[in-house]
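Input: a single structure, listed below in structure tokens.
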Amino acid sequence: MHYDVFNGDADGIIALLQLRLAHPKESQLISGVKRDIKLLDRVVKNDNASSVTVLDISMEKNQSALTSLLTQDTKVFYCDHHRTGDIPQSEHLTALIDLDSEVCTSLLINKHLNGQYVLWAIAAAFGDNLMATAEAIAKQNNVSDQDIEFLKELGTLINYNGYGSSLDDLHIEPTVLFRQLLEYPNPLMLRDAPLSPYFALKQCYEQDCAHLNALAPIHSDDVSRVFELPCDAWARRISGVFGNALANQAPSLAHAVLTLNPNLNDYTVSVRAPLANRIGADDICSQFATGGGRKAAAGINALPVNEKRNFIEAITQYYS
């Protein structure tokens, strides 16, 4: 059996979307909320994989499961832009990896497919907050300003849908959203389909964003701003996209969004490096037990409440 394993955010979903539009394949889909990245364990547990495609999840966080699959002579195609750790040397592994801060998995797949579904790749890049890169590729492909704005919104909405502490927080489960989007070879088609996921997510997003109007940072200085969100489903859904919006509003500053988890003992943290200096987010988050990510954007799954001050000091010191 073939498995398609992918992150539940815009980049993961759209990376697979491009591949399966170009190369349809019957497969078992495995995904989850954006922070659920140790997905290869599920493949190993099922013990029936003949081949696996892995998209937009850190190889570093899946080393053990990946090694187990390769040891069983399972063919693995792995495409990602997060920290890798040591890449296994195996004839059964094809690794398409690029850690550049201006690259996302969907752009790597776009290059792999010679731009066959470039409009989808542009939407994914916007969703991953690679605004300048996405706009540059759009201009190179003569995409109109109106269509660029739609692709930017679409990518943001798909990315927004991936955030939550569990699948119950999400409006559309990622494997379901993937299957729905597979009906639209051109993303601009969603704009003309009133029943498309675009309109459903747009309405939900606007409702969640209304909660942000009353928010003020809990910390602000010359290099960073930190916001805290309550333990509510809307907050868990909006946290990542909110972090992207803050980064775009003040590109010289680093930003962090702390969302209180349901156990009330720790936070889910989203960190965005300054857009003017897209490094360091992974270094900061990796200082904490459940942290990781990439240079431009990273996170911590469970920052203990009593370590909040240490985290704020870490992000301030790094960028000072």
Side-chain angles (χ1 to χ4, degrees), residues 1-100 103-114 116-117 120-121 124 128 162 166-167 170 173-182 282 286 290 292-294 299 301:
M1 176 179 292
H2 178 79
Y3 284 81
D4 282 326
V5 183
F6 58 101
N7 197 300
D9 68 356
D11 195 22
I13 291 173
I14 294 176
L16 181 60
L17 188 63
Q18 293 175 85
L19 275 178
R20 293 297 160 251
L21 285 170
H23 306 294
K25 182 188 287 283
E26 288 293 326
S27 68
Q28 179 71 40
L29 300 178
I30 293 182
S31 189
V33 298
K34 181 177 174 66
R35 294 296 180 92
D36 188 1
I37 58 173
K38 295 191 71 174
L39 298 173
L40 278 187
D41 287 341
R42 300 190 207 172
V43 179
V44 173
K45 183 178 179 179
N46 289 338
D47 195 31
N48 62 347
S50 58
S51 58
V52 185
T53 294
V54 190
L55 301 169
D56 199 40
I57 60 173
S58 169
M59 186 181 289
E60 184 177 59
K61 300 294 186 181
N62 288 272
Q63 283 277 357
S64 177
L66 175 59
T67 300
S68 178
L69 288 169
L70 296 174
T71 301
Q72 298 168 20
D73 296 340
T74 304
K75 294 181 180 180
V76 179
F77 174 80
Y78 208 120
C79 183
D80 188 41
H81 64 129
H82 299 92
R83 293 163 67 118
T84 62
D86 295 328
I87 300 177
Q89 299 301 307
S90 171
E91 62 178 330
H92 303 296
L93 174 64
T94 301
L96 187 57
I97 307 291
D98 190 336
L99 306 186
D100 189 279
V103 167
C104 65
T105 304
S106 287
L107 291 181
L108 294 175
I109 294 298
N110 177 63
K111 184 176 181 180
H112 178 66
L113 296 176
N114 297 313
Q116 191 171 353
Y117 295 97
W120 271 118
D128 223 31
S166 70
L167 292 176
L170 309 189
E173 195 270 322
T175 60
V176 174
L177 182 56
F178 163 76
R179 291 189 181 98
Q180 291 176 349
L181 295 175
L182 198 59
D282 56 343
S286 294
T290 59
R294 52 192 173 88
N301 288 339

request  = Ignoring hydrogens and angles, state whether a donor on the side chain of Thr53 or His2 is under 3.5 Å from an acceptor on the partner side chain.
outcome  = yes

inquiry  = A side-chain contact here means heavy atoms from C-beta on lying under 4.5 Å apart; do Thr175 and Phe6 qualify?
reply    = yes

request  = Report yes if some heavy atom in the side chain of Lys25 is under 4.5 Å from a heavy atom in the side chain of Arg20; otherwise report no.
outcome  = yes

task = Without swapping roles, check the side chain of Ser68 against the backbone of Ser64 for a donor-acceptor pair under 3.5 Å.
result = no

inquiry  = Quick check: do His81 and Arg294 have side-chain heavy atoms less than 4.5 Å from each other?
reply    = yes

note = The residue among Asp56, Asn110, Asp98, Asp128 that forms side-chain hydrogen bond (donor to acceptor under 3.5 Å, both in side chains) with Thr105 is Asp56

inquiry  = Main chain of Asn48, side chain of Asn46: is a donor-acceptor contact present, judged purely on distance under 3.5 Å?
reply    = no

Test item: Leu40 and Leu69 side chains (from C-beta on) under 4.5 Å apart, heavy atoms = yes

note = Exactly one candidate in Leu66, Thr84, Val52, Leu96 meets side-chain contact (heavy atoms from CB on, under 4.5 Å) with Tyr78; the answer is Leu66

request  = Check for a donor-acceptor pair, side chain of Gln63 on one end and backbone N or O of Lys61 on the other, with a separation under 3.5 Å.
outcome  = no

task = Over all heavy atoms of both residues, which pair between Cys104 and Asp11 is shortest? Give the atoms and the distance, please.
result = CB-OD2, 3.3 Å

ask   = Rounded to the nearest 0.5 Å, how far apart are CH2 of Trp120 and CD1 of Ile13?
value = 9.5 Å

message = Tell me which one of Leu39, Asp80, Val5, Leu19 satisfies side-chain contact (heavy atoms from CB on, under 4.5 Å) with Leu55.
response = Leu19

request  = Output the distance between atom CG (Asp73) and atom NE2 (His92), rounded to the nearest 0.5 Å.
outcome  = 3.5 Å

ask   = Can you tell if the side chain of Pro174 reaches within under 4.5 Å of the side chain of Leu167, non-hydrogen atoms only?
value = yes

request  = Would you name the heavy atoms of Ile87 and Ala95 that are closest together and state the gap between them?
outcome  = CG2-CB, 4.4 Å

remark   = Minimal heavy-atom distance between Leu93 and Pro88, with the atoms involved, is CD2-O, 3.4 Å

key: Distance-minimising heavy-atom pair for Ala65 and Val44   = O-CG2, 3.6 Å

ask   = Given Arg42, which of Asp4, Asp47, Asp36 fulfils the salt bridge (Lys or Arg N to Asp or Glu O under 4.0 Å) condition?
value = Asp36

message = If you compare all heavy atoms of Ile109 against all heavy atoms of Ala15, which two are closest, and at what distance to 0.1 Å?
response = CG2-O, 3.8 Å

query = Which atom pair, heavy atoms only, marks the closest approach of Arg83 to Ser58?
reply = O-OG, 2.8 Å

query = With a 4.5 Å heavy-atom cut-off, do Tyr117 and Leu17 have their side chains touching?
reply = no

request  = Flag yes if more than 12 heavy atoms outside Asp86 fall under 6.0 Å of its CG atom; otherwise flag no.
outcome  = no

query = With a 4.5 Å limit on heavy-atom distance, are the side chains of Val76 and Tyr3 in contact?
reply = no

Expected output: side-chain Gln18 to main-chain Ser106 donor-acceptor under 3.5 Å = yes

ask   = For Met59 and Val54, what are the C-alpha separation, side-chain angles and deciding distance, and is it a side-chain contact (heavy atoms from CB on, under 4.5 Å)?
value = CA-CA 9 Å; Met59 186 181 289; Val54 190; over 6 Å; no

ask   = About how many Å separate CG of Leu29 and CG of Leu16, when rounded to the nearest 0.5 Å?
value = 6.5 Å

key: Nearest-0.5 Å distance that lies between atom CD1 in Ile37 and atom CG in Asp9   = 11.0 Å

query = For the atom pair CD1 (Ile57) and CG (Asn62), what is the distance rounded to the nearest 0.5 Å?
reply = 4.0 Å

